2 protein chains.
Amino acid sequence: MDSDLLKRTKNSRQRDLVLRILRSSKDHPTAESIYLEARKTIPSISLGTVYRNLNHLRDEGRIRELSYGKGISHFDGELREHHHVRCIACGSVADVPCVVPRPFIEEVQAQTRFQIHSVRLEFIGLCGTCERLSEEKGPRPETARE
Amino acid sequence: MDSDLLKRTKNSRQRDLVLRILRSSKDHPTAESIYLEARKTIPSISLGTVYRNLNHLRDEGRIRELSYGKGISHFDGELREHHHVRCIACGSVADVPCVVPRPFIEEVQAQTRFQIHSVRLEFIGLCGTCERLSEEKGPRPETARE
DNA sequence: CTAACTGCAAAGTTTTTGCAATTGC
DNA sequence: GCAATTGCAAAAACTTTGCAGTTAG
């Protein structure tokens with residue numbers, strides 16, 4: 001909850017690195033995996049610093065935080081509107097370049113009297129690989145975790 | 001990861017109570033608030049039991065688990081398709097009774113080669129009350145947390 | 001009977017935070 | 001200089017789990 005709008009921001013190698021890793025990564029890494037990647041460049045970087053920077057960048061609106069199942073957050077360096085598909089079986093996440101139509105959003109605004117800033121759309125299912133696996137093993141119930 | 005499909009299920013006062021609380025609640029309570037509510041009826045119920053039952057009910061597909069920000073999961077006893085708006089300022093969540101059109105989903109299936117089971121759509125913005133408050137105080141940057 | 005379920009408490013995971021030292025502007 | 005940032009380690013927050021006793025079918 002660090003929303004001091006007066007506080008001026010300073011550059012640091014650590015913060016730049018975290019952002020660079022996020023921007024150049026095709027998937028949606030967790031704090032832990034960003035940390036591991038960052039250590040290749042700054043071996044002394046700490047996990048706490050990675051978390052602080054991710055929160056800072058998110059609060060500035062320079063990255064997005066996505067949270068799926070239980071604990072872990074994933075981060076996304078791509079700011080243009082896009083959405084995700086997630087595989088319930090293996091946990092993989094892929095981008096879907098679709099856009100939620102304006103009129104749809106306006107209808108929801110009217111219905112809910114919310115002023116809507118952004119939309120998160122997530123498709124949940126089985127990726128090609130896991131689908132094949134589950135056919136081999138025979139069908140089994142999938143958890144409905146979101 | 002308790003996907004034993006052979007295991008038969010038994011009724012218990014505790015499980016029934018958790019489900020009843022969830023079904024009768026208009027909002028989307030957390031494990032903690034379900035626990036507090038449940039203690040009014042079964043004072044000896046434990047938080048661990050609430051968690052175990054929520055996971056069990058979710059695995060059976062009788063409730064849905066939603067996860068927003070960092071750690072906390074919310075649970076939803078309504079299974080018919082519906083979606084949510086969430087206020088970034090106060091954290092409140094409301095239902096949106098809209099439906100994602102079939103053709104839209106089919107297009108995503110074709111694009112991604114995922115077999116899609118469900119869709120989660122979340123609108124993020126400011127509720128009426130918080131919007132009014134932020135106008136009074138003058139505009140301020142909103143966090144982009146999802 | 002017996003496998004599922006419970007309460008309790010301890011352990012696990014992920015994230016935040018206090019502190020003293022360092023660094024960017 | 002001085003406040004923002006860092007590394008470290010301890011704490012916090014949320015959830016899961018082991019165990020021994022209880023209960024539903």
Side-chain angles (χ1 to χ4, degrees), chain A residues 1-21 28-36 38-60 62-63 65-75 91 143 145-146, chain B residues 1-21 28-36 38-60 62-63 65-75 91 143 145-146:
Chain A
M1 301 288 146
D2 205 338
S3 61
D4 308 19
L5 36 158
L6 307 164
K7 192 188 286 186
R8 55 187 116 286
T9 216
K10 225 187 256 190
N11 280 339
S12 76
R13 287 181 67 213
Q14 287 85 343
R15 176 125 76 221
D16 291 347
L17 179 56
V18 167
L19 185 57
R20 191 141 34 83
I21 289 173
H28 306 82
T30 62
E32 182 72 24
S33 63
I34 293 168
Y35 169 61
L36 292 175
R39 290 220 299 188
K40 294 181 189 166
T41 306
I42 307 180
S44 66
I45 198 173
S46 75
L47 185 54
T49 295
V50 171
Y51 272 108
R52 271 185 297 226
N53 281 320
L54 288 170
N55 290 345
H56 185 113
L57 291 165
R58 180 203 55 216
D59 291 344
E60 284 186 323
R62 303 217 277 160
I63 65 174
E65 177 175 7
L66 312 169
S67 34
Y68 306 127
K70 276 288 144 46
I72 311 172
S73 279
H74 293 240
F75 293 86
T143 64
R145 180 175 301 190
E146 305 208 340
Chain B
M1 301 288 144
D2 206 335
S3 62
D4 308 19
L5 38 157
L6 308 164
K7 193 187 287 187
R8 55 185 119 284
T9 216
K10 226 187 255 189
N11 280 339
S12 76
R13 287 181 67 213
Q14 287 86 343
R15 182 166 310 158
D16 290 348
L17 179 57
V18 167
L19 184 56
R20 191 142 33 85
I21 289 173
H28 305 81
T30 62
E32 183 73 24
S33 62
I34 293 169
Y35 169 60
L36 293 175
R39 290 220 298 189
K40 295 181 188 166
T41 306
I42 306 181
S44 65
I45 197 173
S46 74
L47 185 54
T49 294
V50 171
Y51 273 109
R52 269 185 297 222
N53 280 320
L54 289 169
N55 290 345
H56 186 113
L57 291 164
R58 179 204 56 220
D59 291 344
E60 284 186 323
R62 302 217 277 162
I63 65 174
E65 177 175 6
L66 311 169
S67 32
Y68 307 127
K70 279 285 144 52
I72 312 175
S73 278
H74 293 241
F75 294 85
T143 62
R145 179 175 302 190
E146 305 207 342

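Chain letters run A, B, ... following the sequence lines, proteins first and then strands; every chain starts at 1. It should be emphasised that the depicted structure is a prediction, and the values quoted were computed from it without experimental measurement.
- Close to C:dC25, at under 4.0 Å from its OP1 or OP2, lies no side-chain N or O of A:Arg8.
- Where the helix from C:dC1-D:dG25 to C:dC25-D:dG1 starts and where it ends, the local axes point in directions that differ by 40°; five pairs per end, rounded to 10°.
- Remark: C1' of C:dT6 and CG of B:Leu54 are 15 Å apart, rounded to the nearest angstrom.
- Taking atom CG on A:Leu57 and atom P on D:dT5, their separation rounds to 10 Å, with Å as the unit.
- When the C1' atom of D:dA4 is taken as reference, atom CG of A:Asp16 falls 14 Å away, rounded to whole Å.
- In this entry the distance linking CD1 of B:Ile42 with P of C:dC5 reads 15 Å, nearest Å.
- Looking at the side chain of A:His56, the nearest of the listed nucleotides C:dC5, C:dT15, D:dT5 is D:dT5.
- Take B:Arg52 and apply the side-chain hydrogen bond (donor to acceptor under 3.5 Å, both in side chains) test, not counting sequence neighbours, and it matches no residue.
- Nearest heavy-atom pair across A:His56 and A:Thr9 is NE2-OG1, 2.9 Å.
- The salt bridge (Lys or Arg N to Asp or Glu O under 4.0 Å) test applied to A:Arg62 returns A:Glu60, not counting sequence neighbours.
- With A:His74 contributing its side chain and A:His28 its backbone, the two residues share a donor-acceptor pair below 3.5 Å.
- A:Thr49 has a side-chain polar atom (N or O) that falls below the 4.0 Å cut-off from OP1 or OP2 of D:dG7.
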- Would A:Arg20 and A:Leu17 satisfy side chain to side chain contact (heavy atoms under 4.5 Å, CB included), going step by step from the backbone distance to the final call? CA-CA 5 Å; A:Arg20 191 141 34 83; A:Leu17 179 56; 3.9 Å; yes
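- The CG atom of A:Leu36 sits 12 Å away from the P atom of C:dT14 (whole-angstrom rounding).
- Across the interface with DNA chain C, nearest-nucleotide mapping of B:Arg15 and B:Gly48 shows B:Arg15 to be the residue nearer the 5′ end.
- When every heavy atom of B:Ile63 is checked against every heavy atom of B:Leu54, the shortest pair comes out as CD1-O, 3.6 Å.
- Not a single side-chain hydrogen bond (donor to acceptor under 3.5 Å, both in side chains) links A:Ser12 to another residue, sequence neighbours left out.
- If you take CG of B:Asp59 and C1' of D:dT16, they are 13 Å apart, rounded to a whole angstrom.
- Phosphate contact (OP1/OP2 of C:dC5, side-chain N/O of B:Asn53, threshold under 4.0 Å): absent.
- Remark: P of D:dT5 and CD1 of A:Ile45 are 14 Å apart, rounded to the nearest angstrom.
- OP1 or OP2 of D:dT16 has at least one side-chain nitrogen or oxygen of B:Asn55 nearer than 4.0 Å.
- Residue order along DNA chain D, read from the 5' end via each residue's closest nucleotide, puts A:Gln14 first among B:Glu32 and A:Gln14.
- Residues A:Asn55 and A:Arg58 form a side-chain contact, since some pair of their non-hydrogen atoms from C-beta on lies under 4.5 Å apart.
- Every residue two or more places apart in sequence or in another chain was checked for a salt bridge (Lys or Arg N to Asp or Glu O under 4.0 Å) with A:Glu32, and none qualifies.
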- Its contact letters, B for base, S for sugar-phosphate only and - for none at protein heavy atoms under 4.0 Å, make nucleotides 18-25 of chain D read B----BBS
Show me, pair by pair, the donor-acceptor contacts under 3.5 angstrom made by side chains of residues 38-48 of chain B, not counting sequence neighbours?
unit_1	atom_1	unit_2	atom_2	d
B:Arg39	NH1	B:Tyr35	OH	3.2
B:Lys40	NZ	B:Glu37	OE1	3.1
B:Ser46	OG	B:Thr49	N	3.3
B:Ser46	OG	B:Thr49	OG1	3.1

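- Here the P atom of nucleotide C:dT15 and the CZ atom of A:Arg58 are 11 Å apart, to the nearest Å.
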